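Here's the structure, in structure tokens; my notes come after.
Only heavy atoms go into these numbers, but all of them, side chains included; no hydrogens, no water, no symmetry mates. Counting starts at 1 for both ligands and their atoms, following the listed order. Computed from a prediction, not measured in an experiment: that's the story for all the values here.
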Amino acid sequence: MNGNLKLAIQKKGRLTDKSVELLKLCGLDFENYSERLFVTARNFPLDILFLRDDDIPEYVQDGVADVGIVGENVIYEKQTDTPVLEKLGFGRCSLLIAHPEGKELKTLSDINGKTIATTYPVILNDFLVKNNINAKVIELSGSVEIAPSLGVANLICDIVSTGNTLMLNKLKKSFKVFDSQAVLISAKDVSGNKKKNEILDSLLKRIRSVLNARRSKYLMMNIPKEALPRISEIIPSLKSPTVLPLADENSLAVHAVIPADRFWEIVDDLKSAGASGILLLPIENMIL
Ligand code: PRT
Ligand code: ZN
């Protein structure tokens, strides 16, 4: 027991690289993780445990780890008492019910009487009960997408991100059950340990600053002086933009933090309002 906060992340899978990248962006320095059970950060009181994603909710609930990064789908399926501290914006996917091509379902009630293969029986049953549907759930441990062609089930309920797997298996989306992304979860009683709680607070501040920075970009441009009112209208800034004088008295430099996803919507308007030398820069950290 070294008093460090213990964070569980997926050992090898779809969430591993993004989880490690997030921690590195938080300024944590730790060595190559690939073959280790856990590593200790060199510059922060944190041990990082590498586990199968399915084990993370229970390990966090039982206090083997204090916090964990895992898909919302996994915590929902495991039904653990592990509050979500932050949504992390990666590992996005949806749990969908899908049908074989040519066997379209028009309404949810068309599912009545069908068999559905899934690796998510708890979430699926919950969905069926909430929608008052009577269907048979067949639990498989993997390769759910081949169940209809094997004659094992009429429908499947599986995680989809690009949709390629559905397409390759001649399946189509019928209904969405659940949207998921990676989240940071904690044990319920972590707040009872003062020292660990302080470490967690500090980690959360760093994570939130990285997430804020990711959602934002730093916009810089030069504008004719008289265009300032129009440009200020166009910019969806957090606060009012920074306006700086230039050597050319008729021009100004304007800097602003904008939501990253708005840039392409406003760039043509900025140009027509007279903006030139438009630069969009990434922000590494943003403390609000
Ligand atoms: O070994 P371990 O148990 O740790 O890993 P795992 O194989 O159980 O999980 P892994 O690495 O596949 O996924 C980890 C988490 O990533 C999941 O719990 C989800 O939260 C999230 N995630 C995001 C996905 C996907 N996208 C995804 N596409 N998990 C699984 N898939 C699978 C899906 O099951 C299907 O087989 O990918 C296929 C569909 O993908 P598309 O792109 O063809 O639609
Ligand atoms: Zn797994």
What are the atoms of ligand 1, with element, lying closer than 4.0 Å to any heavy atom of [X]?
X	value
G71	20 (O)
V160	44 (O)
V74	18 (O)
L15	15 (C), 16 (O)
Q10	2 (P), 4 (O), 5 (O), 6 (P), 9 (O), 10 (P), 11 (O), 14 (C)
G13	11 (O)
T165	38 (C), 39 (C), 40 (O), 41 (P), 43 (O)
G91	21 (C), 23 (C)

inquiry  = Counting only heavy atoms closer than 4.0 Å, does ligand 1 sit against the backbone of N73, its side chain, both, or neither?
reply    = side chain
task = Would you mind telling me if ligand 1 is within reach of the side chain of C93, the backbone, both or neither, using heavy atoms under 4.0 Å?
result = side chain
Quick check against the 3.5 Å criterion: does [X] have a side-chain atom that pairs as donor or acceptor with the backbone of [Y]?
X	Y	value
Q61	T82	no
E145	L166	no
K11	T16	no
E249	L246	no

ask   = Taking it one step at a time, do E198 and K195 satisfy salt bridge (Lys or Arg N to Asp or Glu O under 4.0 Å)?
value = CA-CA 5 Å; E198 279 170 16; K195 182 157 178 261; over 6 Å; no
query = Any salt bridge between E21 and K18, counting N to O under 4.0 Å?
reply = no
query = Are any of the side-chain nitrogens in K205 or D201 under 4.0 Å away from the carboxylate oxygens of its partner?
reply = no
note = Note: I235 and A256 closest approach over all heavy atoms is CG2-CB, 3.8 Å
Distance to 0.1 Å, residue and atom name: give those for the protein heavy atom nearest to [atom].
atom	answer
atom 35 (C) of ligand 1	I159 O, 3.5 Å
atom 28 (N) of ligand 1	S161 OG, 3.0 Å
atom 1 (O) of ligand 1	R52 NE, 3.2 Å
atom 8 (O) of ligand 1	D53 OD1, 3.3 Å

With the Zn ion (ligand 2) as the apex, the OD1/OD1 angle for D54 and D53 - to 10° = 80°
message = I want to know if ligand 1 touches E145 in the polar sense, i.e. an N/O pair below 3.5 angstrom.
response = no
task = Just go through R14, E72, Q181, K18 and tell me whose heavy atom is the nearest to atom 32 (C) of ligand 1.
result = R14
ask   = Which of these, T162, D158, I156, has its nearest heavy atom closest to atom 34 (O) of ligand 1?
value = D158
request  = Tell me yes or no: between the side chains of S251 and N222, is some donor less than 3.5 Å from an acceptor?
outcome  = no
inquiry  = Testing the 3.5 Å rule here: is there a donor-acceptor pair between the side chains of D47 and N4?
reply    = yes
message = With a 6.0 Å cut-off (strictly less than), is the heavy-atom count around CD of E284, excluding the residue itself, greater than 12?
response = no
